[in-house]
Enquirer: 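Handing you a structure now.
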Amino acid sequence: MSAFVINGGRRLNGSLRVQGSKNSVLPILAATLLVKGKSVIHNCPMLSDTHCTVKILRTLGCKVIRNGNTITVDSTDASGYEIPEDLMREMRSSVVFLGAVLGRVGKAEISTPGGCEIGLRPIDLHLYAIKKLGVEIDDSHGRLSCTVPDKLVGTKITFSFPSVGATENAILTAVTADGVTTIVNAAREPEITDLCNFLNSCGAKIKGAGESVITIEGVKTLTGCEYTVICDRIAAATFLVAGAVTGGDVELNNTVPIHLNSVLPLLEEAGCDIRVRCKSIRLKAPRKLNRIDKLVTQPFPGFPTDAQAPFTTLATIAKGTTVIVENIFESRLKHIPELVRMGAKIRTESRVAVIDGVDRLYGAEVFSPDLRGGASLVVAGLCAVGTTTVRNIAFIDRGYEDFENNLCSLNADIYRKV
Ligand code: UD1
């Protein structure tokens with residue numbers, strides 16, 4: 001089992017080009033299935049989740065060519081409708097293929113994704129949306145068999161919670177349906193806007209992306225286009241926190257600063273100097289970080305749950321007490337016992353963590369509990385005294401492209417032990 005070995009205590013400095021967004025590339029690659037022809041997608045991060053998405057596209061009959069960070073998908077002959085169980089297990093978010101396969105083929109067979117490291121993650125909202133659009137669902141023995149007995153027809157979908165995945169599935173199912181679909185209480189995350197921008201570039205008629213109400217006028221066909229995925233705001237947040245906890249001076253390029261509007265003020269509250277210029281963000285950290293009064297995760301435009309774990313690490317070495325409330329996923333504080341092994345002082349109750357800042361963390365052997373939790377332990381290792389070994393790093397490889405080399409380019413001492 002590979003591990004990251006980090007010799008802590010080095011101040012990060014320098015500049016970095018941030019990878020393309022993992023959470024955008026997955027639905028956009030799924031959406032290429034709806035296109036009759038070739039889609040050329042640039043800025044795809046090379047991650048294990050991207051590799052899994054490519055495998056699914058090939059299973060469904062697409063020809064996929066990868067050239068660096070560009071993926072070309074030719075879906076002319078795609079007619080598959082079944083996603084094998086092993087691929088569903090490999091990547092829970094492959095459920096986003098449901099809408100695309102239904103839109104393309106009119107039927108879909110997948111296994112129920114089940115819970116994961118960060119919580120139960122039901123898909124009731126996904127199923128509610130596709131049912132409203134005319135899909136019949138047989139959900140038995142862990143398999144979902146979906147068929148469109150007549151045709152997909154536009155409708156009004158009102159979500160009880162702005163789920164990112166369910167909004168994506170609703171969009172993908174509705175985009176080639178007959179008539180108009182309105183999604184009320186849609187997720188507003190930048191990755192939703194990115195998906196809609198891609199689909200509109202292919203000829204879709206979607207309005208309101210990034211707002212709570214999205215309107216989709218169904219079109220008969222989508223044609224291929226060339227598209228560039230947005231920058232990964234969570235990877236950007238992680239590198240900024242890494243700069244902050246090491247007393248560093250880092251500049252991130254190729255970012256979309258407004259996507260970090262809920263994140264940057266908290267880094268300023270911690271005492272960092274933040275300069276935003278067009279697509280770049282520069283962070284200069286103080287010698288000692290201040291506490292953040294309260295960090296509460298919320299759907300976008302609120303503070304992202306995916307950045308909660310790295311910020312927990314920041315709070316462990318800040319002056320004073322920080323309270324963190326995780327509102328989105330029920331089991332997303334699993335990095336905390338690992339941080340405690342490194343000397344952090346944290347009390348938790350249910351979804352709340354109270355963190356009393358300590359002078360320093362100490363290197364230890366720790367285990368990634370999940371993707372962002374794992375990244376938070378690497379960040380902890382960067383500022384800890386001594387050597388930290390982070391195991392279970394397959395989780396981290398799901399979301400961070402070339403993580404150790406990017407950190408090394410910022411002066412970190414980290415390597416992968418295979
Ligand atoms: C996506 C992101 C993930 C991010 C999350 C919230 C991808 C691949 N993943 O996950 O990184 O942390 O958004 O920003 O884009 N829920 C239900 N029923 C449903 C669907 C969701 O109860 O049918 C619940 C979930 O269990 C969770 C909450 O809603 O508690 C948020 O989930 P959702 O917004 O759907 O997140 P994902 O799309 O799974």
Side-chain angles (χ1 to χ4, degrees), residues 20-31 44-45 47-50 52-53 56 88 90-100 110 112-132 137 139 144 157-173 183 185-195 212 229-230 232-235 237-238 259-260 262-263 296-311 325-334 350-351 370-376 395-396 398-400:
S21 164
K22 166 181 99 74
N23 288 353
S24 270
V25 81
L26 305 182
I28 288 175
L29 286 176
C44 299
L47 306 167
S48 49
D49 273 13
T50 317
C52 182
T53 309
I56 295 175
M88 278 303 294
E90 199 173 318
M91 188 180 68
R92 193 201 169 280
S93 42
S94 43
V95 70
V96 77
F97 271 93
L98 193 55
I110 64 167
T112 357
C116 73
E117 309 77 35
I118 59 176
L120 289 172
R121 299 182 95 170
I123 58 163
D124 52 318
L125 299 172
H126 301 240
L127 301 185
Y128 153 75
I130 62 169
K131 260 189 207 160
K132 288 244 9 187
I137 303 167
D139 178 4
L144 276 180
I157 294 165
T158 305
F159 284 126
S160 52
F161 179 87
S163 153
V164 173
T167 302
E168 289 164 350
N169 256 329
I171 293 168
L172 291 167
T173 314
I183 307 174
N185 200 20
R188 299 169 61 191
E189 270 68 4
E191 295 76 22
I192 299 282
T193 310
D194 209 22
L195 171 64
S212 292
V229 170
I230 53 169
D232 195 307
R233 62 195 167 102
I234 306 304
T238 308
H259 292 168
L260 289 156
S262 61
V263 170
V296 181
T297 64
Q298 305 277 6
F300 193 84
F303 187 91
T305 171
D306 287 349
Q308 174 262 109
F311 269 79
V325 183
E326 171 53 56
N327 273 323
I328 308 296
F329 289 104
E330 62 270 29
S331 310
R332 217 173 193 181
L333 296 177
K334 289 184 182 162
S350 179
R351 295 172 177 223
D370 53 58
L371 162 55
R372 306 300 170 187
S376 76
F395 279 127
I396 303 176
R398 289 187 41 213
Y400 295 88

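Counting starts at 1 for both ligands and their atoms, in listed order.
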Enquirer: Where is the nearest protein heavy atom to atom 35 (O) of ligand 1: which residue, which atom, and how far?
Expert: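 The closest heavy atom on the protein side is S163 OG, 2.6 Å.
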
Enquirer: First locate atom NE2 of H126, then atom OG1 of T167, and finally report the distance between them rounded to the nearest 0.5 Å.
Expert: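 H126 atom NE2 to T167 atom OG1 measures 8.5 Å (nearest 0.5 Å).
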
Enquirer: Which ligand 1 atoms, with their elements, are less than 4.0 angstrom from a heavy-atom of R332?
Expert: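 Atoms satisfying the 4.0 Å criterion: 12 (O).
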
Enquirer: Once rounded to the nearest 0.5 Å, what's the spacing between atom CD of E191 and atom CD1 of I230?
Expert: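 Taking CD in E191 and CD1 in I230, the distance rounds to 5.0 Å.
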
Enquirer: Pull out every atom of ligand 1 sitting under 4.0 Å from any heavy atom of G165, numbered as shown with elements.
Expert: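 Atoms satisfying the 4.0 Å criterion: 35 (O), 38 (O).
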
Enquirer: So if I count the atoms of ligand 1 from 1 in the order they appear, which ones are less than 4.0 Å from some heavy atom of S93?
Expert: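 Ligand 1 atoms under the 4.0 Å threshold to S93: 8 (C).
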
Enquirer: Look at ligand 1 and say whether E191 reaches it with a heavy atom at a distance under 4.0 Å.
Expert: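 No.
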
Enquirer: Is R92 salt-bridged to D49, cutoff N-O under 4.0 Å?
Expert: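 Answer for the salt bridge query: no.
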
Enquirer: For the residue pair Y128 and T158, establish whether any side-chain heavy-atom pair is separated by less than 4.5 Å.
Expert: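 Yes, their side chains come closer than 4.5 Å.
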
Enquirer: I'd like to check whether P162 has a polar contact with ligand 1, where a contact means an N/O of the residue lying under 3.5 Å from an N/O of the ligand.
Expert: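 Such a contact does not occur with ligand 1.
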
Enquirer: Judged on heavy-atom distance to atom 4 (C) of ligand 1, which of D306, I123, L195 sits nearest?
Expert: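 Going through D306, I123, L195 one by one, D306 has the nearest heavy atom to atom 4 (C) of ligand 1.
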
Enquirer: For G119 and ligand 1, answer yes if some heavy atom of the residue is under 4.0 Å from a ligand atom, otherwise no.
Expert: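 No, G119 has no heavy atoms under 4.0 Å from ligand 1.
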
Enquirer: Any idea which protein heavy atom is nearest atom 15 (O) of ligand 1, and the distance to it?
Expert: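 So the nearest neighbour among protein heavy atoms is N23 CG, 3.2 Å.
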
Enquirer: Counting from 1, what ligand 1 atoms have a heavy atom of R121 closer than 4.0 Å?
Expert: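 Within the 4.0 Å cut-off of R121, ligand 1 contributes 10 (O), 26 (O), 37 (P), 39 (O).
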
Enquirer: Distance to 0.1 Å, residue and atom name: give those for the protein heavy atom nearest to atom 32 (O) of ligand 1.
Expert: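 Looking at atom 32 (O) of ligand 1, the protein heavy atom closest to it is F329 CZ, 3.9 Å.
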
Enquirer: Applying the side-chain contact (heavy atoms from CB on, under 4.5 Å) test to N23, which of I28, D306, I192 qualifies?
Expert: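 Of I28, D306, I192, side-chain contact (heavy atoms from CB on, under 4.5 Å) with N23 is met by D306 alone.
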
Enquirer: Side chains of S160 and N185: closer than 4.5 Å at any heavy-atom pair?
Expert: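 When only atoms from C-beta onward are counted, N185 and S160 do not touch, as no gap falls below 4.5 Å.
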
Enquirer: Looking only at non-hydrogen atoms, which of I328, V164, I118 approaches atom 30 (O) of ligand 1 most closely?
Expert: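 Among I328, V164, I118, the closest heavy atom to atom 30 (O) of ligand 1 belongs to I328.
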
Enquirer: Report the distance from atom CG of L195 to atom CD1 of I171, rounding to the nearest 0.5 Å.
Expert: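 Those atoms lie 5.5 Å apart.
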
Enquirer: Would you say K22 and ligand 1 have an N/O pair spaced under 3.5 Å apart?
Expert: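 Looking only at distances, the answer is no, because the N/O contact criterion of under 3.5 Å is not met.
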
Enquirer: Any idea which part of R398 is under 4.0 Å from ligand 1, heavy-atom wise: side chain, backbone, both or neither?
Expert: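 The answer is neither.
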
Enquirer: Quick check: does any side chain N or O of R332 sit under 3.5 Å from a backbone N or O of I118, one acting as donor and the other as acceptor?
Expert: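 Not confirmed, R332 side chain does not pair with I118 backbone.
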
Enquirer: Can you name the atoms of ligand 1, numbered from 1 with element, that are less than 4.0 Å from a heavy atom of F161?
Expert: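 Within the 4.0 Å cut-off of F161, ligand 1 contributes 28 (C), 29 (O), 31 (C).
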
Enquirer: Between E117 (side chain only) and G119 (backbone N and O only), is there a donor and an acceptor less than 3.5 Å apart?
Expert: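 No; judged by distance alone, with no hydrogens or angles, the pair does not exist.
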
Enquirer: Please state which protein non-hydrogen atom is closest to atom 18 (N) of ligand 1 and give its distance, to 0.1 Å?
Expert: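 For atom 18 (N) of ligand 1, the nearest protein heavy atom comes out as D124 OD1, 2.7 Å.
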
Enquirer: Using distance alone, decide if ligand 1 has a nitrogen or oxygen within less than 3.5 Å of any nitrogen or oxygen in T305.
Expert: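 Between T305 and ligand 1 (N or O atoms, distance only) the closest approach is not under 3.5 Å.
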
Enquirer: Can you tell me which portion of P122 lies within the under-4.0 Å heavy-atom range of ligand 1? Options are side chain, backbone, both, or neither.
Expert: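 For P122, the contact with ligand 1 is made by both the backbone and the side chain.
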
Enquirer: Can you find an N or O of L125 that's nearer than 3.5 Å to an N or O of ligand 1?
Expert: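 L125 vs ligand 1: N/O contact under 3.5 Å present.
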
Enquirer: Does a side-chain heavy-atom distance below 4.5 Å link Q308 with F329?
Expert: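 Side chain of Q308 against side chain of F329, heavy atoms only: no contact under 4.5 Å found.
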
Enquirer: On a heavy-atom basis, which atom in P304 and which in V263 lie closest, and how many Å separate them?
Expert: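 The answer is CD-CG2, 3.8 Å.
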
Enquirer: With side-chain contact (heavy atoms from CB on, under 4.5 Å) as the test, pick out the partner of K22 among D232, I234, V229, T53.
Expert: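 Going through the options one by one, the only one that passes is D232.
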
